[in-house]
2 protein chains.
Amino acid sequence: MNNNLDKIFAALGDSTRREILIMLLEDDMAVTDVAEPFDISLAAISKHLQILSKSGLIVQEKRGRVKWCKLQMHAMRDAAIWMESFGQFEQLNFDAFEIFLKQEKILHK
Amino acid sequence: MNNNLDKIFAALGDSTRREILIMLLEDDMAVTDVAEPFDISLAAISKHLQILSKSGLIVQEKRGRVKWCKLQMHAMRDAAIWMESFGQFEQLNFDAFEIFLKQEKILHK
DNA sequence: CTATTATTCAACCTTTTGGTTAAGTAATAA
DNA sequence: TTATTACTTAACCAAAAGGTTGAATAATAG
């Protein structure tokens with residue numbers, strides 16, 4: 001039970017993987033390109049990507065010889081919801097917060 | 001770098017530890033009482049609590065022969081900020097977020 | 001002082017994690 | 001057809017994680 005939260009949080013518990021996720025925010029990437037900025041082997045990156053896949057935080061889709069990595073925001077959201085529902089983040093209304101932030105932006109301009 | 005996010009997320013990546021945190025939401029607890037609902041040894045719970053301590057998610061304070069476990073919400077918040085600032089809440093102003101939360105609380109009373 | 005209670009520590013075990021290198025597969029380019 | 005490119009897999013390793021039991025420590029109760 002709660003197996004996926006386990007996997008999501010565990011996946012986020014490694015800074016290499018968090019960096020990969022941040023990179024994927026910008027665009028989908030091929031495995032080789034994901035590996036490029038890191039100082040570890042391609043095989044190690046391949047394993048990190050498998051962990052991210054199993055957690056649901058990314059999906060990988062093969063087209064030709066290239067395997068594309070694509071961020072899956074909704075998986076992260078599962079973990080975010082757990083945190084939000086925890087303590088002071090209880091029943092946090094994200095939409096309301098977004099509206100609030102926009103208003104703040106206008107006020108501070 | 002980002003060592004503490006590593007530890008916080010890793011700590012959250014275990015359902016026993018997440019359950020402990022939920023228990024501590026209600027009140028501070030002694031180690032023995034934390035262990036009570038679980039099917040594992042006291043020593044194992046003691047280790048889980050050490051991991052939670054090192055992550056900063058709890059603090060333990062010894063009074064007499066009892067060691068009290070106390071939730072530290074701000075540590076969880078570090079991880080929450082990372083998640084919130086990921087993707088849809090880019091450039092999140094946490095002060096604004098706190099103000100928002102306070103307003104929300106007042107509104108829901 | 002002696003038991004009891006609360007908790008940790010030490011030694012051990014198994015599985016997982018994060019890394020390596022070398023070989024294997026599969027698609028494309030020459 | 002033969003390289004080359006883009007990966008994954010296999011075999012290995014060291015360290016960490018999550019568990020166990022049994023002994024140690026330390027505070028309180030009797």
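Since this is a predicted model, take the numbers as computed values, not measurements.
Residues A/R18 and B/F9 meet the side-chain proximity criterion, which asks for heavy atoms closer than 4.5 Å. Residues B/K70 and B/L24 are not in side-chain contact: their nearest non-hydrogen atoms beyond the backbone lie 4.5 Å or more apart. Between B/I8 and B/M76 there is no side-chain heavy-atom pair separated by less than 4.5 Å. Under the 4.5 Å side-chain criterion, counting only non-hydrogen atoms from C-beta, A/C69 is in contact with A/V31. Residues B/K62 and B/W68 have side chains not in contact (no heavy-atom distance under 4.5 Å, counting atoms from C-beta outward). Within the 4.5 Å cutoff, the side chain of B/L25 has no heavy atoms near those of the B/L21 side chain.
In this structure, B/K67 places its NZ atom 12 Å from P of D/dA27, rounding to the nearest Å. With rounding to whole Å, A/E36 atom CD is found 13 Å from D/dC7 atom P. For B/L49 and D/dG19, the CG to C1' distance is 15 Å, given to the nearest whole Å. Regarding B/L52, its CG atom lies at a distance of 16 Å from the C1' atom of C/dT7, rounded to whole Å. Rounded to whole angstrom, the span from the CD atom of B/E61 across to the C1' atom of C/dT8 amounts to 18 Å. Per the geometry, CE belonging to A/M29 stands 13 Å off P belonging to D/dA6, to the nearest Å. Look at CZ on B/R18: it is 11 Å from P on D/dG18, rounded to the nearest Å.
Across C/dT8, D/dC7, D/dT9, the shortest atom-to-atom separation from the side chain of B/Q60 is found for C/dT8.
In this model, a side-chain donor or acceptor of B/R65 finds a partner on the base of C/dT5 within 3.5 Å.
The side chain of A/K62 contributes no N or O atom lying less than 4.0 Å from OP1 or OP2 of D/dC7. Distances shown here put every side-chain N or O of B/S46 at or beyond 4.0 Å from the OP1 or OP2 atom of C/dT7.
The two atoms that bring A/M23 and A/D33 nearest to each other are CE-O, 4.1 Å, heavy atoms only.
Linking Ile, Leu, Val, Met, Phe, Trp and Tyr whenever their side-chain heavy atoms come within less than 4.5 Å puts B/W82 and A/M73 in one cluster.
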*asked:* What does the 5'-to-3' dot-bracket notation of DNA chain D look like when only Watson-Crick and G-U wobble pairs under 3.5 Å count, and pairs to other strands show as |?
replied: ||||||||||||||||||||||||||||||
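For the pair B/I45 and A/R63, nearest-nucleotide mapping onto DNA chain C gives the more 5' position to B/I45.
Between A/R17 and A/E19 there is no salt bridge, since no side-chain nitrogen of the basic residue lies less than 4.0 Å from a carboxylate oxygen of the acidic one.
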*Produce a footprint string for nucleotides 10-25 of chain C: one letter per nucleotide, 5' end first; B if the base is under 4.0 Å from any protein heavy atom, S if only the sugar-phosphate is, - if neither.*
--------SBBB----
